[in-house]
Amino acid sequence: SQTIHQWPATLVQPVGSPLSLECTVEGTSNPNLYWYRQAAGRGLQLLFYSVGIGQISSEVPQNLSASRPQDRQFILSSKKLLLSDSGFYLCAWSLPWTGAEAFFGQGTRLTVV
Amino acid sequence: AQSVAQPEDQVNVAEGNPLTVKCTYSVSGNPYLFWYVQYPNRGLQFLLKYITGDNLVKGSYGFEAEFNKSQTSFHLKKPSALVSDSALYFCAVRADSNYQLIWGAGTKLIIKP
């Protein structure tokens, strides 16, 4: 069966520090991968998605970047965090067809102080 | 433009009563519709989806949803609510020409004992 791992679960970082959140998927090949941010426990904002190694599409211009160095690894990064980067970050994967549901990791609560 | 509307910010239901969480959508082409549930500080869990076929779709935890093409709706239902159903529910849609999910704003479901 497929599983998705996202870590860390919580993170407190000072303003201006770098960020690296990692997500890995097991049990499938060539998944579509997604990074979302959820503010105030409500709506989901798609940040990045990837359909293959090295292929990253950004949905919203921001202080963040994403990379996919391996087929089942998706990394969210920032060189210098802002206070506004605080939020709940969710990684997800889906099979590469339009009828496929997405499966989510447990999320990372990021607080920038 | 594609969109999803969850018109109710919060739904309150007494335990044992039937529940409905509403979702309407707008897409070009055939819609793929999804429902997810989120418990506090957790990732989203897939409940059910409509791709094609029978308009009544059954999913996890006793939930079901009815696809209504003429009303462009995909309401989530359960015959008898449990206190443990209290959570945040998201509706999402994907057009058959696009793999990106469009998310509703979420509906908080509160089941009172």
Side-chain angles (χ1 to χ4, degrees), chain A residues 1-11 21 23-25 30-52 55-60 74 87-111, chain B residues 2-10 23 25 27-53 57 59-60 63 65 67 74 86-110:
Chain A
S1 64
Q2 301 90 356
T3 56
I4 179 169
H5 302 279
Q6 181 183 346
W7 68 93
T10 59
L11 190 61
L21 301 182
C23 174
T24 60
V25 180
N30 196 31
N32 288 345
L33 296 172
Y34 310 86
W35 277 111
Y36 287 92
R37 178 166 58 200
Q38 185 178 28
R42 280 302 177 124
L44 293 169
Q45 179 186 38
L46 179 63
L47 301 176
F48 301 95
Y49 64 91
S50 172
V51 298
Q55 300 179 61
I56 309 294
S57 295
S58 174
E59 288 296 297
V60 181
F74 205 24
F88 192 52
Y89 289 83
L90 291 158
C91 180
W93 75 273
S94 71
L95 291 172
W97 66 285
T98 51
E101 61 270 32
F103 296 95
F104 285 78
Q106 291 302 294
T108 297
R109 174 73 60 189
L110 172 66
T111 303
Chain B
Q2 299 178 111
S3 64
V4 175
Q6 293 182 242
E8 300 153 319
D9 189 62
Q10 181 171 308
C23 172
Y25 66 91
V27 296
S28 301
N30 295 320
Y32 298 128
L33 295 151
F34 305 83
W35 274 104
Y36 290 80
V37 60
Q38 185 181 31
Y39 296 99
N41 295 311
R42 303 297 296 273
L44 279 70
Q45 297 178 34
F46 169 72
L47 282 177
L48 51 80
K49 68 179 179 182
Y50 172 82
I51 302 299
T52 186
V57 179
S60 306
F63 284 94
F67 171 62
F74 189 56
S86 298
L88 189 56
Y89 290 80
F90 289 96
C91 180
V93 66
R94 182 189 281 139
D96 59 3
S97 58
N98 190 325
Y99 59 83
Q100 292 187 47
L101 280 168
I102 307 300
W103 295 88
T107 297
K108 186 175 184 179
L109 177 63
I110 298 176

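All heavy atoms count here, side chains included; hydrogens, waters and symmetry mates do not. Just so it is clear: chains get the letters A, B, ... in the order the sequence lines come, proteins before strands, and each one is counted from 1.
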Contact class of B:Leu44 relative to chain A, heavy atoms under 4.5 angstrom: both
Which residue pairs satisfy the salt bridge (Lys or Arg N to Asp or Glu O under 4.0 Å) criterion with at least one member in residues 28-50 of chain B, sequence neighbours excluded? A:Glu101-B:Lys49
Return the minimal non-hydrogen interatomic distance between A:Tyr36 and B:Leu101, and the atom names on each side. OH-CB, 4.2 Å
Where is the tightest heavy-atom contact between A:Ser94 and B:Arg94, given as atom of each residue plus distance? OG-NH2, 4.4 Å
Under 4.5 Å, counting heavy-atom pairs only, tell me which of B:Ile51, B:Thr52, B:Asn41 racks up the most with chain A. B:Asn41
Contact leader toward chain A among B:Ala105, B:Gly106, B:Ala92, B:Pro40, where contacts are heavy-atom pairs under 4.5 Å: B:Ala105
Quick check on the 6.0 Å ring-centre criterion: do B:Trp103 and A:Phe104 meet it? yes
Chain B contact via A:Leu46 - side chain, backbone, both or neither, heavy atoms under 4.5 Å: side chain
Checking heavy atoms, do the side chain of A:Ala9, its backbone, both or neither come under 4.5 Å from chain B? neither
For residues B:Gln38 and A:Leu44, determine if any side-chain heavy atom of one lies less than 4.5 Å from a side-chain heavy atom of the other. no
My understanding is that only residues two or more places apart in sequence, or in another chain, count here; which of them pass ring-ring contact (aromatic ring centres under 6.0 Å, His included) with B:Phe67? B:Tyr50
Chain B contacts, top residue of A:Ala92, A:Gly107, A:Ala100, A:Gly105 (heavy-atom pairs, under 4.5 Å): A:Ala100
